[in-house]
Amino acid sequence: MSFIFDNAAPLSISIETRPEVGEGFDPLASLFKQFELIYVVGNERDLVRVRTNFRKETVYLYRLNSPVENVRRLLLVYLERINELADRPEFYHLLTNSCTINIIRYANAAGRTGQFNIRHLLNGLIDSYLYHSGRVDTTLPFEELRQRSLINNVALAADDAPDFSDRIRASLPTAR
């Protein structure tokens, strides 16, 4: 999740699990308190680029169409949550305390309305949920929006450019 400000670079917050050295992520093990839940806060050049340029993960970037006041509340919810975890660490849990579940939970706290959807549990389908619930640009067919939101090539080309965030957004569809 990235938050855009008027006169500053976007702030990115990533909800993750941090396996220990030599330990890979295992979805089944995550059900049994094996991985600590962490939040990584940084700029997009660091957080997005590590996924696109180094880990070679497939990354999509979508512009959400949410009222500014809800976005402000959402940022405050994230910051409060980060402080809570500093005081009381928690374990990542695939079904109850994962990245996507927490994103939905915080969006609810910031004003999202809607019911539980199975796509909340399946990270690879959250963009479909966002599209079909009208939270991203729906003027394009979903598959076209998804293809145009794939930022791997542009992130590779931008690499460590100071305007990385501008470059990865330059050709994105605009939410209406």
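Position 1 is the first residue of the sequence, and the numbers go up from there.
- Of the possible polar contacts, one joining the Asn53 side chain to the Ala155 backbone as a donor-acceptor pair under 3.5 Å is found.
- Across Thr17 and Phe25, no two heavy atoms sit closer than the pair CG2-CD1, 3.4 Å.
- Between the Asn97 side chain and the Phe91 main chain, a donor and an acceptor come within less than 3.5 Å of each other.
- Shortest non-hydrogen contact noted between Arg18 and Glu16 is NH2-OE1, 3.1 Å.
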Verify side chain to side chain contact (heavy atoms under 4.5 Å, CB included) between Glu144 and Thr139, making sure each step is shown before the conclusion. CA-CA 10 Å; Glu144 182 179 344; Thr139 61; over 6 Å; no
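- Rounding to the nearest 0.5 angstrom, the gap separating the CG atom in Leu130 from the CZ atom in Arg146 is 11.5 Å.
- In Gln147, the CD atom is not crowded: 12 or fewer heavy atoms of neighbouring residues, nucleotides or ligands sit closer than 6.0 Å.
- Other cluster members for Val48: Val59, Leu61, Ile151, Val154, Phe164, Ile168, Leu172, joined by side-chain heavy-atom distances under 4.5 Å among Ile, Leu, Val, Met, Phe, Trp and Tyr.
- The backbone N or O of Arg169 lies less than 3.5 Å from a partner atom in the side chain of Arg63, making a donor-acceptor pair.
- In this structure the side chain of Tyr78 reaches within 4.5 angstrom of the side chain of Ile15, judged on heavy atoms.
- When all heavy atoms of Ser14 and Arg51 are compared, the pair lying nearest together is OG-NH2, 2.8 Å.
- Members clustered with Leu47: Ile38, Val40, by chain and number, using a 4.5 Å side-chain heavy-atom cutoff among hydrophobic residues.
- In this structure, Arg112 CZ and Asn70 CG are separated by 12.0 Å, a value rounded to the nearest 0.5 Å.
- Listed by first then second residue, pairs satisfying side chain to side chain donor-acceptor pair (under 3.5 Å) with a partner in residues 29-39 read Tyr39-Tyr106, not counting sequence neighbours.
- Atom CG of Asn7 sits in a sparse spot, with 12 or fewer heavy atoms from other residues, nucleotides or ligands closer than 6.0 Å.
- The distance from atom CZ of Phe32 to atom NE2 of His93, rounded to the nearest 0.5 Å, is 7.5 Å.
- Rounded to the nearest 0.5 Å, atoms CG (Leu75) and CD1 (Ile4) are 12.5 Å apart.
- Here the closest non-hydrogen pair linking Ser171 and Arg148 is O-NH2, 4.1 Å.
- With contacts defined as side-chain heavy-atom distances shorter than 4.5 Å, the pair Ile104/Ile126 qualifies.
- A chain of hydrophobic side-chain contacts below 4.5 Å, direct or via other Ile, Leu, Val, Met, Phe, Trp or Tyr residues, connects Phe5 to Ile82.
- Between Arg105 and Asn108, the side chains place no donor N or O within less than 3.5 Å of an acceptor N or O (distance only, hydrogens not considered).
- Proximity of Pro162 to Arg45: side-chain heavy atoms (C-beta onward) are separated by under 4.5 Å at one or more points.
- When all heavy atoms of Ile103 and Met1 are compared, the closest pair comes out as CG2-CE, 3.9 Å.
- Residues Ile13 and Phe3 form a side-chain contact, since some pair of their non-hydrogen atoms from C-beta on lies under 4.5 Å apart.
- Considering only residues two or more places apart in sequence or on other chains, Ser133 meets the side-chain contact (heavy atoms from CB on, under 4.5 Å) condition with Tyr129, Arg135.
- Just one of Tyr60, Tyr131, Tyr62 meets the ring pair (Phe, Tyr, Trp, His ring centres under 6.0 Å) condition when paired with Phe142; it is Tyr131.
- Within the 4.5 Å cutoff, the side chain of Thr96 has no heavy atoms near those of the Ile101 side chain.
- In this view, Asp166 and Asp163 satisfy the side-chain contact (heavy atoms from CB on, under 4.5 Å) rule, not counting sequence neighbours.
- Using a 4.5 Å heavy-atom threshold, the side chains of Asn65 and Asp137 count as separate.
- Leu76 places none of its side-chain heavy atoms less than 4.5 Å from the side chain of Arg72.
- Scanning for side-chain contact (heavy atoms from CB on, under 4.5 Å) contacts around Glu84 gives Glu80, Arg81, Arg88, with sequence neighbours left out.
- Closest approach of Asn43 to Ser12, counting heavy atoms only: C-OG, 4.2 Å.
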